[in-house]
Amino acid sequence: MDQFTLNLLFVGASFALYIGIAVWARAGSTSEFYAAGRGVHPVTNGMATAADWMSAASFISMAGLIAFTGYDNSSFLMGWTGGYVLLALLLAPYLRKFGKFTVSEFIGDRFYSKTARLVAVICLLVASITYVIGQMQGVGIAFGRFLEIDATLGLLIGACVVFAYAVFGGMKGVTYTQVAQYCVLIMAYTIPAIFISLQLTGNPIPALGLFGDHVASGEPLLAKLDQIVTDLGFAEYTAAHGSTINMVLFTLSLMIGTAGLPHVIMRFFTVPRVSDARWSAGWSLVFIALLYLTAPAVGAMARLNISELMWPNGTGGEAVSVEQIETAPEYAWMATWQQTGLLGWEDKNGDGKIQYYNDANADMQAKAEAAGWEGNELTNFNRDILVLANPEIASLPGWVIGLVAAGGLAAALSTAAGLLLAISSAVSHDLLKGQLTPNMSEKSELLAARISMAAAIVVAVILGLNPPGFAAQTVALAFGLAAASIFPALMMGIFSTRINNTGAVTGMLAGLVVTLVYIFLHKGWFFIPDTNSFTDANPLLGPVKSTSFGAIGALVNFIVAYVVSGMTKDTPQEIKDLVQSVRVPRGAGAAVEGH
Amino acid sequence: MSQNDDNNAYWAANVRLILISLVIWALVSFGFGIILRPMLSGIAVGGSDLGFWFAQQGSIIVFLALIFFYAWRMNKLDREHGVDEE
């Protein structure tokens, strides 16, 4: 059976599984459709949250970014897990006690203002749409590889599948489908990692293998990797190279953003009790950590494998020949990935070999000149393909490759569909029904939801064709926006009785606008290429890159809200009572639908 | 009034617990993982140093322990102050 058929089989079987579970679970509990999370054990809810949360950015993109940068991209690992601490300690139990279903409803009620609710909806939409762009990139790459077509065409096909998937909707609402998706994606991520860890270090646990010894050389794996990459003129893998300030701010932005993303927070509204909201955050992180503890091993080991494939005779020997790449089975993945346009090589000096090295490094330039090399010949290696190509790079069996294709699609589709549902409910429920046309019928509310979903996909596809970065970087921008706008408003709403409606509204707007402007200045206005005035290589504010600005935006939000509230009227007594009641678990009823 | 006082004591205890937890949260990630990494560079962990381990694995494990500790401690605090869910 060829690889294409095998991929088709695995992807098809996983989709059949999700649909099967959706149909089976739905038949039993139609009336409880939206409240599927309630009455579900915190462990199950944690698994479903993990599936919802881990997207194309975590699954497809993150290990690749770590592989090619090393230590400096540890921010993704700490940021996307550390946010759960903030969520569990500062938000989840109180929002569960409050007992409504959407984030903007809490902001509207706590700040006793329709304007506050409207601003929260706008912040939510901006962050979610940016997030969807990153997901669509991942979907495009996964479909491009799996159907063996160009990534752009893959993106268009993927968009149609996501749309159908989100409109079908049932899959998202049923917790058990997400549990199945989690199982597929975690198996798809860890099984190849276990194989590779065994090959390289003899340790079946990748997280331990990363800090173990490299079997072939007898040296520690990381020391071996450092040596190989520096031999090729690249920066040392385990050393810090970027600015410390930027790394701190970037990690903080990802953490705060995690705790400010509406589709994550919403998961904690529907657990049975306040104490379950606390446990549930912990269980979510357990299941997320299974992937996040494996990811740095996947990245480091893939980098080692790629370097060794390109230099089969060691970094001091001859490079791989064009003939080998075209004929040897262990290089077959290069030809398949070339079709997606995300991998490329060129024999610039015509010596029949492909030299892979850092041609921007002065020492290497001298060495290259002596050896007759004319620049790095592995001309294109998109970071986002690394995880999907990883089993092929390590020459793992065909079924593992098929499993990874299914896992990547599960991760990208579940999150993209979840975000589209969040966007459509924000437009139809919070914006139209809550603000503009309160008397809207249920039927037109549903129609508005579908139209806004379609519009969001179109926007995401257009922007996804010219993305502002690799998938995980695009997603990081969304986190910055959520960090600067939503999180401070929620936190102040719970921990202060003094912040009033004017303070919250001006704070959210200030945080959102200043962050959005900073991102647009660096990534182009509305992400349109070549409209930027600065680049992340040389940012406006010293070392602060656009992906790291969310933490500063959040600080602006806090300060503005505090100062403005201090200058305007104190909150009314009933709001102070509301805050007091949110702070104690006793008396929490089931979450209710509110308007 | 006594219920109110007790609620205030409960809230103060909660805020204290949150602050302690967040200090640990910041210490392992921003501290050991990033800012204090040069100070920990002498402690070797499998081909790299302790700071690298905290940045790529250690902080995640501490985050997990923190959330479970907080949940356990708060559920106890809820009962002590009589504000748990019946």
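Order of the sequence lines fixes the chain letters, A, B, ..., with proteins taken first and strands second; residue numbering starts at 1 for each chain. Note that these values count all heavy atoms, side chains included, but never hydrogens, waters or copies made by symmetry.
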Can you tell which part of [X] gets under 4.5 Å to a heavy atom of chain A, answering side chain, backbone, both or neither?
| X | answer |
| --- | --- |
| B:Y10 | side chain |
| B:D49 | neither |
| B:S59 | side chain |

Report the relative orientation of the aromatic rings in B:W11 and A:Y94; use parallel for angles under 30°, tilted for 30 to 60°, perpendicular for over 60°.
->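 Perpendicular.
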Examine B:Y70 together with A:W279 and report whether their ring centres are nearer than 6.0 Å.
->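 That pair fails the under 6.0 Å test.
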Considering all heavy atoms of both residues, which atom of [X] and which atom of [Y] are nearest to each other, and what is their separation?
| X | Y | result |
| --- | --- | --- |
| A:L89 | B:I18 | O-CD1, 3.5 Å |
| B:D84 | A:R586 | O-NE, 3.0 Å |
| B:L64 | A:G282 | CD2-O, 3.9 Å |
| B:L22 | A:L86 | CD2-CD2, 3.9 Å |

Under the side chain to side chain contact (heavy atoms under 4.5 Å, CB included) rule, what do A:Y292 and B:Q56 come out as? Steps first, then yes or no, please.
-> CA-CA 9 Å; A:Y292 274 65; B:Q56 301 228 323; over 6 Å; no
Who pairs with A:D231 by side chain to side chain contact (heavy atoms under 4.5 Å, CB included), at least two apart in sequence or on another chain?
->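 In terms of side chain to side chain contact (heavy atoms under 4.5 Å, CB included), with neighbours along the sequence ignored, A:D231 is linked to A:Q227, A:T315.
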Pairs under 3.5 angstrom only: tabulate donor-acceptor contacts from the side chains of residues 214-224 of chain A to other protein residues two or more places apart or in another chain.
{"residue": "A:H214", "atom": "ND1", "partner": "A:S217", "partner atom": "OG", "Å": "2.9"}
{"residue": "A:S217", "atom": "OG", "partner": "A:E219", "partner atom": "N", "Å": "3.3"}

Indicate whether any N or O donor in one side chain lies under 3.5 Å from an N or O acceptor in the other, for B:N75 and A:R278.
->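 A pair is found: one side chain offers a donor N or O, the other an acceptor, under 3.5 Å apart.
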How about B:I60 and A:M78: do any of their side-chain heavy atoms sit closer than 4.5 Å?
->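 Of all side-chain heavy-atom pairs linking A:M78 with B:I60, none is under 4.5 Å.
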Does NZ or CZ of B:R37 lie under 6.0 Å from the centre of the six-membered ring of A:Y71, at an angle within 45° of the ring axis?
->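 Verdict for A:Y71: a cation-pi partner in B:R37.
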Chain B: which of A:N73, A:T244, A:V248 shares the most heavy-atom pairs with it under 4.5 Å?
->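 Of A:N73, A:T244, A:V248, A:V248 has the most heavy-atom pairs under 4.5 Å with chain B.
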A:I245, CD1: over 12 other non-hydrogen atoms inside 6.0 angstrom =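 No, the 6.0 Å shell around CD1 holds no more than 12 heavy atoms from other groups.
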